[in-house]
Amino acid sequence: MKAVIQRVLESSVSIDGKIVGSSENGLMILFCAMENDTEEDIDLLAKKVSLLRIFEDDEGKMNKSIIDVGGEVLCISQFTLAADTKKGNRPSFIKALKPELASKYYDDFCDKLKENGINTVSKGVFGADMKVSLVNDGPVTIILDTDIWKNKNAD
């Protein structure tokens with residue numbers, strides 16, 4: 001499971017010119033479920049996002065989590081994070097989880113964020129052609145991949 005986490009002052013997602021989800025002072029998350037991902041990956045990722053200390057404390061150090069600052073989340077499904085670009089110039093997306101299960105995992109991940117203490121979780125629409133807008137704060141952008149945490153032999 002992969003996610004791109006961006007600390008934002010504001011973010012929104014629109015479909016056909018209508019805003020369907022937004023957040024302020026929090027995180028915008030691009031989420032991708034990959035083949036071989038499980039419910040365990042959802043739990044791992046949601047916990048990590050909820051506790052990730054990327055917000056500044058009173059001394060200007062990144063020492064607070066989104067829960068600590070009462071921030072909001074906008075989570076958007078993004079199957080293109082599964083892109084394999086090893087061969088040629090056209091990305092392959094065969095490592096992305098099939099849409100039926102990926103949609104469920106996306107919804108479950110958003111629910112898990114709430115269960116982990118994030119009060120406001122807004123969403124895009126799975127599989128839709130969306131336009132995303134954000135003001136990145138910092139900028140702070142973190143890439144998370146549950147495969148790395150599960151591979152005990154990795155550095």
Side-chain angles (χ1 to χ4, degrees), residues 1-34 36-83 96-97 99-152 154-155:
M1 200 161 281
K2 293 184 180 183
V4 175
I5 313 298
Q6 294 182 304
R7 189 177 74 186
V8 297
L9 296 175
E10 61 185 50
S11 61
S12 65
V13 59
S14 60
I15 299 172
D16 296 327
K18 180 181 176 189
I19 294 176
V20 296
S22 64
S23 70
E24 292 185 8
N25 297 316
L27 301 174
M28 203 239 357
I29 302 170
L30 302 175
F31 171 86
C32 180
M34 309 279 292
N36 301 321
D37 283 343
T38 66
E39 295 285 339
E40 177 189 7
D41 292 276
I42 295 168
D43 292 338
L44 283 169
L45 188 59
K47 184 174 182 181
K48 180 64 95 173
V49 168
S50 300
L51 299 176
L52 196 61
R53 298 184 324 182
I54 60 172
F55 292 89
E56 293 179 357
D57 62 15
D58 293 337
E59 297 174 9
K61 298 199 185 274
M62 288 197 293
N63 228 0
K64 291 187 173 189
S65 71
I66 188 160
I67 296 168
D68 295 332
V69 300
E72 301 177 352
V73 166
L74 171 61
C75 186
I76 299 168
S77 60
Q78 182 80 34
F79 84 94
T80 60
L81 291 177
L97 194 61
E100 302 76 30
L101 190 53
S103 176
K104 177 188 180 322
Y105 279 13
Y106 169 62
D107 290 337
D108 291 351
F109 173 70
C110 291
D111 290 342
K112 267 304 178 195
L113 291 173
K114 292 177 188 173
E115 287 175 25
N116 277 286
I118 301 173
N119 293 325
T120 304
V121 178
S122 187
K123 295 171 29 177
V125 176
F126 185 90
D129 180 17
M130 297 175 277
K131 306 300 180 223
V132 179
S133 177
L134 67 115
V135 176
N136 194 317
D137 182 20
V140 175
T141 302
I142 309 287
I143 300 170
L144 301 176
D145 185 339
T146 59
D147 283 348
I148 293 170
W149 307 326
K150 294 188 303 185
N151 183 354
K152 297 187 185 343
D155 292 336

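Every heavy atom of this structure was used, including side-chain atoms; hydrogens, water molecules and symmetry mates were not.
Side-chain atoms of D37 come within 3.5 Å of backbone N or O of M34 as a donor-acceptor pair. Panel note: side chain S50, backbone A46; a donor-acceptor pair is recorded below 3.5 Å. For the pair S12 (side chain) and I19 (backbone), a donor-acceptor distance under 3.5 Å is absent. Remark: side-chain polar atoms of Y106 are paired, donor with acceptor, to backbone N or O of C75 under 3.5 angstrom.
E115 pairs by the side chain to side chain donor-acceptor pair (under 3.5 Å) definition with K112, not counting sequence neighbours. Considering only residues two or more places apart in sequence or on other chains, L51 meets the side-chain contact (heavy atoms from CB on, under 4.5 Å) condition with K47. The ring pair (Phe, Tyr, Trp, His ring centres under 6.0 Å) check on F79 picks up F93, with sequence neighbours excluded. Applying the side chain to side chain donor-acceptor pair (under 3.5 Å) criterion to D147, with sequence neighbours excluded, gives no partner residue. Scored by the side-chain contact (heavy atoms from CB on, under 4.5 Å) test, V132 finds V13, M28, I76, L134 as partners (sequence neighbours excluded). Not counting sequence neighbours, the partners of Q78 by the side chain to side chain donor-acceptor pair (under 3.5 Å) test are T80. Residues passing the side chain to side chain donor-acceptor pair (under 3.5 Å) test with K2, sequence neighbours excluded: none. Contacts of F109 classified as ring pair (Phe, Tyr, Trp, His ring centres under 6.0 Å), with partners at least two apart in sequence or in another chain: F31. By the side-chain contact (heavy atoms from CB on, under 4.5 Å) test, L101 pairs with L97, K104, Y105, sequence neighbours left out.
With values rounded to the nearest 0.5 angstrom, I29 atom CD1 is found 8.5 Å from L74 atom CG. Rounding to the nearest 0.5 Å places CG of L9 at 8.5 Å from CG of N136. Here the OG1 atom belonging to T146 is positioned 10.5 Å from the CG atom belonging to N36, to the nearest 0.5 angstrom. To the nearest 0.5 Å, atoms CD1 (I42) and CG (D108) are separated by 4.5 Å. Expressed to the nearest 0.5 Å, how far CG of L52 lies from CD1 of I66 amounts to 10.0 Å. Between the CG atom in D145 and the NZ atom in K48 there is a gap of 12.0 Å [rounded to 0.5 Å].
V140 has its side chain out of reach of F55: every pair of non-hydrogen atoms, C-beta onward, lies at least 4.5 Å apart. At a threshold of 4.5 Å between non-hydrogen side-chain atoms, the residues I143 and L81 do not count as touching. In this structure the side chain of V69 never reaches within 4.5 angstrom of the side chain of N25, judged on heavy atoms. Annotation: side chain of T141 is not in contact with side chain of I5 (no heavy-atom distance under 4.5 Å).
Contact between G17 and S14 at its shortest, heavy atoms only, is C-CB, 4.3 Å.
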Show the numbers, then the answer: is there a side-chain contact (heavy atoms from CB on, under 4.5 Å) between I118 and L27? CA-CA 11 Å; I118 301 173; L27 301 174; 5.6 Å; no
Do L144 and V49 pass the side-chain contact (heavy atoms from CB on, under 4.5 Å) test, and can you show the C-alpha distance, the side-chain angles, and the key distance before you say yes or no? CA-CA 9 Å; L144 301 176; V49 168; 3.8 Å; yes
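Applying the salt bridge (Lys or Arg N to Asp or Glu O under 4.0 Å) rule to pairs touching residues 4-24 yields R7-D137, sequence neighbours excluded. Within the structure, every pair that satisfies the salt bridge (Lys or Arg N to Asp or Glu O under 4.0 Å) test and touches residues 121-135, not counting sequence neighbours, is listed here: D107-K123, D129-K131. A salt bridge (Lys or Arg N to Asp or Glu O under 4.0 Å) check over residues 58-75, counting only residues at least two apart or in different chains, returns nothing.
More than 12 heavy atoms of other shown residues, nucleotides or ligands fall within 6.0 angstrom of atom CD1 in I15.
With 3.5 Å as the limit, one finds a donor-acceptor pair spanning the side chains of S11 and S23.
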